[in-house]
Protein chains: 2
Amino acid sequence: VDELSSRLARVVGPDQVITDRAVLAGYETDWTGRFAGRARLVVRPADRDEVAGVLLVCRDARVAVVPQGGNTGLVGGGVPRDGEVVLSLRRLDRLGPVDPIAGQVTVGAGATLAAVRRHAAAAGLDFGVDLAARESATIGGMVNTNAGGIRVLRWGSMRAQVVGAEAVLTDGRVLRRLAGLPKDSTGYDLVGTLVGSEGTLAVLTAVRLRLVPRPRRQVTATLAVADTVAAQRVLASVRAGVPGLTSAEIFYADGLRIVCDTQSIAPPFRTSYTTYLLVDFGAEDDPTPALAAALASRDDVLDSAIATDEAARRTLWAHRDGHTEAVNTLGVPLKLDVGVPAPALAEFEHELRAIVEVAGARLVLFGHLAEGNFHANVIGAHDPDTLTDAVMRAVARYGGTISAEHGVGVAKARWLPLVRSPVELELMAATKRAWDPDGLLNPGVLLPR
Amino acid sequence: VDELSSRLARVVGPDQVITDRAVLAGYETDWTGRFAGRARLVVRPADRDEVAGVLLVCRDARVAVVPQGGNTGLVGGGVPRDGEVVLSLRRLDRLGPVDPIAGQVTVGAGATLAAVRRHAAAAGLDFGVDLAARESATIGGMVNTNAGGIRVLRWGSMRAQVVGAEAVLTDGRVLRRLAGLPKDSTGYDLVGTLVGSEGTLAVLTAVRLRLVPRPRRQVTATLAVADTVAAQRVLASVRAGVPGLTSAEIFYADGLRIVCDTQSIAPPFRTSYTTYLLVDFGAEDDPTPALAAALASRDDVLDSAIATDEAARRTLWAHRDGHTEAVNTLGVPLKLDVGVPAPALAEFEHELRAIVEVAGARLVLFGHLAEGNFHANVIGAHDPDTLTDAVMRAVARYGGTISAEHGVGVAKARWLPLVRSPVELELMAATKRAWDPDGLLNPGVLLPR
């Protein structure tokens with residue numbers, strides 16, 4: 001037992017300082033298997049004061065710290081690179097009482113998305129962001145990546161849900177703004193600065209979240225269309241004509257086939273189509289009649305399956321939700337989470353497919369149509385860096401983003417200058433110095449070293 | 001003509017450098033008449049490049065700059081204090097094309113709120129924030145104060161409307177993020193940092209705004225109730241039962257009397273009541289039946305006036321909108337724009353009334369009920385600072401904010417430590433240094449000197 005371990009043990013108790021290499025493994029490799037590194041140790045504080053104590057010890061010892069939530073990140077932003085201390089926030093999972101008047105709740109950074117959603121549901125409310133990793137992803141991690149997911153078109157990304165935060169700086173001082181006042185104009189938005197900061201500025205310990213109404217009626221439809229442009233056209237019409245649109249997901253024939261094959265589920269239609277648009281609605285009154293009316297007159301909707309009861313809705317969603325797991329059966333995918341402006345989406349798609357084909361790799365594509373956010377999963381790329389470089393450059397050329405919702409992490413730090421100008425990078429570096437002057441938090445993540 | 005004037009004239013043309021003291025006056029005093037100072041000169045650039053040129057000249061000459069929009073600010077944040085250059089953004093009033101798919105528009109910082117609303121309306125859309133000074137207030141000024149207004153409960157404050165921005169740093173470099181991508185997770189939210197920064201970090205030149213749907217049907221109701229607690233109770237019930245609630249404004253007998261007397265308009269009811277709640281709805285389907293149903297069973301609604309056509313709605317709104325002008329007929333008011341958490345509002349109101357009464361002054365109170373945001377207008381305060389101090393301390397004690405929507409300006413800078421902790425103030429100062437290392441932008445505003 002070295003001195004750092006003993007000092008940390010005095011803060012969090014000896015059981016919460018992990019140095020056993022077998023146990024460390026679960027904290028050292030990310031969910032994709034692409035990003036892994038050695039941790040000096042893992043420390044699991046129980047509350048904010050212990051987080052402050054841990055940070056003071058690490059600062060004193062000049063040891064870098066990697067904050068970690070549910071370890072569902074996909075860009076290497078939450079796993080160690082080079083002997084850092086991994087600070088796991090999972091034990092900070094307290095769920096405060098739901099305030100029904102304000103429609104808000106304060107939760108610990110380590111609370112999972114699923115736990116927060118269940119907690120809100122018990123009070124007749126819901127949380128605006130949802131994503132497939134809900135059982136493991138923590139709210140703290142989701143704030144740090146400004147996570148998006150499948151409902152951004154209705155409720156916005158994490159940035160729109162965060163109305164307050166508590167965080168600890170590397171010197172142990174605590175920033176605490178949890179009142180969640182709906183109107184407040186008293187200076188710079190420090191809480192907002194933490195959203196999307198990828199653990200590089202401070203260690204988030206609690207978040208105050210806005211909650212959203214739970215719709216009484218929900219309906220899901222899978223629509224077969226000819227291509228991405230047709231899907232966009234159908235989406236625009238459905239969006240204008242049917243109240244309560246919450247999700248608009250796109251996927252394609254090859255992805256659906258792998259999902260159905262590997263998970264032994266039936267496809268939505270007997271016939272196979274090239275492109276599928278899944279739309280989901282939630283409203284006070286049943287959106288089905290309006291949806292049926294919007295679809296009836298369209299000859300670009302080649303087939304449709306509409307589900308209103310929970311089990312049938314889940315069956316339709318399984319085709320989309322199954323993609324991530326299905327892709328993983330083919331090997332460790334290169335995951336590129338990119339976004340381009342809607343008018344450029346179809347053209348970008350063709351270029352993307354061409355880049356992957358030329359590289360002799362396989363592309364499984366799906367995404368969030370309304371935000372122009374594609375998840376390009378590439379399997380069998382011989383030279384992932386060159387391929388990534390080509391895709392990132394294409395994205396930048398179309399005025400898009402190299403990361404729509406996963407964050408930059410270590411995976412994309414070198415491409416950040418494609419979408420952030422020198423003045424922006426300089427202001428970001430100055431922001432980093434202001435919050436973390438010793439550069440101890442998550443070095444190598446987000447900002448190029 | 002001094003050297004600074006000549007150099008600026010070379011950037012913007014001689015007509016746009018104002019040194020005539022009579023003309024300067026309109027830029028030197030704020031709307032309330034409480035805040036005024038001498039400007040060295042006023043410079044009116046036409047576009048972003050001229051703004052950059054002006055800033056470079058001022059930096060070179062080590063002259064401080066006060067950015068100014070429509071000069072409708074209420075906290076002295078947009079008028080000179082001590083011989084600064086006033087940089088008027090009013091000429092940057094370009095309105096870009098409305099993007100109907102994204103529901104966004106890019107506008108110059110000098111565009112007025114009214115112009116943006118008309119522009120959006122022409123495309124079948126609306127802008128989420130509205131406030132009484134709409135004909136003069138500029139979008140740039142509204143972003144800089146994180147303005148709120150009368151629809152925050154539905155669409156949020158300015159922070160929720162800003163999806164991109166262009167701003168010039170004091171060294172002439174341009175920060176430009178105007179794509180408005182709905183999902184983007186590529187580092188610190190520099191655009192968000194500018195919202196509410198009160199002209200202290202950079203000079204905003206353009207903003208990309210999200211637009212909101214224009215409701216087909218609108219209805220306004222004025223409800224007489226016994227007191228603030230009753231108004232909150234009625235609001236909660238109406239909010240739960242009637243779709244499309246957009247505004248919830250509260251005012252009181254004495255304020256209404258001054259409005260009706262000074263503006264020669266009729267009150268909403270023959271009988272005079274103590275407390276009035278104005279609620280406004282906008283939806284696809286007429287909210288009136290649901291509203292009538294929600295009110296029918298309530299014995300705490302003492303009287304009600306419901307208006308659905310435009311003229312009748314305007315008549316009801318006039319009672320609330322007229323307050324600001326009516327108060328001004330009584331003298332130069334001390335304006336305190338405060339917010340407290342909803343459960344504390346009634347208790348705070350009593351304390352506020354007591355503080356003003358003890359000071360021998362007159363209080364005209366109105367505000368935005370859903371956000372607990374009171375506008376306390378105090379007339380005849382012999383010692384405004386002592387009175388302000390007492391109110392600010394009460395606000396802080398209730399966990400509220402010393403500025404809900406007007407900003408801190410010079411008016412409240414000394415009270416900022418009541419609601420921002422030492423670590424927050426230090427992070428704010430570090431943020432200021434990162435963006436404006438020479439401290440040339442709006443010195444004395446927001447951060448205590």
Side-chain angles (χ1 to χ4, degrees), chain A residues 101-102 145-148 152-153 157 159-160 169 173-177 179 181-190 192-193 195-197 236 243 284 339 341-343 368 370-373 399-408 416 419-421 423-424 427-428 430-431 433-435 446-447, chain B residues 101-102 145-148 152-153 157 159-160 169 173-177 179 181-190 192-193 195-197 236 243 284 339 341-343 368 370-373 399-408 416 419-421 423-424 427-428 430-431 433-435 446-447:
Chain A
I101 301 289
T145 52
N146 187 22
V152 167
L153 72 90
S157 63
R159 196 178 297 294
L169 303 187
R173 288 184 304 168
V174 176
L175 168 70
R176 188 178 159 87
R177 281 192 87 71
L181 296 171
K183 280 186 179 179
D184 186 20
S185 185
T186 51
Y188 310 145
D189 185 15
L190 300 175
T193 302
V195 182
S197 66
E284 275 302 289
H368 315 287
E371 299 95 30
N373 175 196
T401 176
I402 62 165
S403 172
E405 54 182 6
H406 293 172
V408 174
L416 195 59
V419 292
R420 301 284 254 178
S421 65
V423 59
E424 290 180 78
L427 284 168
M428 283 171 65
T431 305
R433 283 192 300 273
W435 288 72
L446 183 51
L447 296 167
Chain B
I101 301 289
T145 52
N146 186 21
V152 167
L153 71 91
S157 63
R159 194 178 298 294
L169 303 188
R173 288 184 304 167
V174 176
L175 168 70
R176 188 178 160 85
R177 280 192 88 70
L181 296 171
K183 279 186 180 179
D184 186 18
S185 184
T186 51
Y188 310 145
D189 186 15
L190 301 174
T193 302
V195 182
S197 66
E284 274 304 287
H368 315 288
E371 298 95 29
N373 176 196
T401 176
I402 62 165
S403 172
E405 56 182 3
H406 293 172
V408 173
L416 194 59
V419 292
R420 299 286 254 179
S421 64
V423 59
E424 290 180 78
L427 285 168
M428 284 170 65
T431 305
R433 285 192 300 273
W435 288 71
L446 183 49
L447 295 167

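This is a predicted model, so every value here is computed, not measured. Protein chains get the first letters and strands the later ones, always in sequence-line order, with residue 1 at the start of each.
- In terms of non-hydrogen atom pairs under 4.5 Å with chain A, the most contact-rich of B:Ala370, B:Pro182, B:Gly148, B:Ala404 is B:Ala404.
- Taking A:Val408, A:Leu190, A:Leu169 one by one and counting their heavy-atom pairs under 4.5 Å with chain B, the maximum is reached by A:Leu190.
- Among A:Thr431, A:Leu447, A:Thr193, the residue with the largest count of heavy-atom pairs under 4.5 Å with chain B is A:Thr431.
- In this structure, B:Val174 and A:Val423 have side chains that are not in contact, with every pair of non-hydrogen atoms separated by 4.5 Å or more.
- Ranked by heavy-atom pairs under 4.5 Å with chain A, the list B:Ser197, B:Ser157, B:Gly339, B:Ala236 is led by B:Ser197.
- Heavy atoms closer than 4.5 Å to chain A are found in the side chain of B:Val152, but not in its backbone.
- For the residue pair A:Ser185 / B:Asn146, no side-chain donor-acceptor distance below 3.5 Å is found, with atom types taken as modelled.
- Under the salt bridge (charged side-chain N to carboxylate O under 4.0 Å, His left out) criterion, B:Arg159 pairs with A:Asp189, sequence neighbours left out.
- Neither the backbone nor the side chain of B:Ala160 comes within contact range of chain A; no heavy atom of the residue lies under 4.5 Å from a heavy atom of that chain.
- Note: A:Arg173 leads A:Glu284, A:His406, A:Arg173 in heavy-atom pairs under 4.5 Å with chain B.
- By number of non-hydrogen pairs under 4.5 angstrom with chain A, the leading residue of B:Thr186, B:Thr401, B:Leu181 is B:Thr186.
- When every heavy atom of B:Leu446 is checked against every heavy atom of A:Tyr188, the shortest pair comes out as CD2-CE2, 3.6 Å.
- Interface remark: of the candidates B:Ala434, B:Ala430, B:Ser403, B:Ser403 forms the most heavy-atom pairs closer than 4.5 Å to chain A.
- For A:Asp184, the parts lying under 4.5 angstrom from a heavy atom of chain B are both the backbone and the side chain.
- Contact of A:Leu175 with chain B is made through backbone and side chain together, with heavy-atom distances under 4.5 Å.
- Contacts of A:Leu153 with chain B are absent, with no heavy-atom separation under 4.5 Å from either backbone or side chain.
- Between B:Gly187 and A:Arg420 the shortest heavy-atom distance is C-NH2, 3.7 Å.
- Applying the salt bridge (charged side-chain N to carboxylate O under 4.0 Å, His left out) criterion to A:Arg176, with sequence neighbours excluded, gives A:Glu166.
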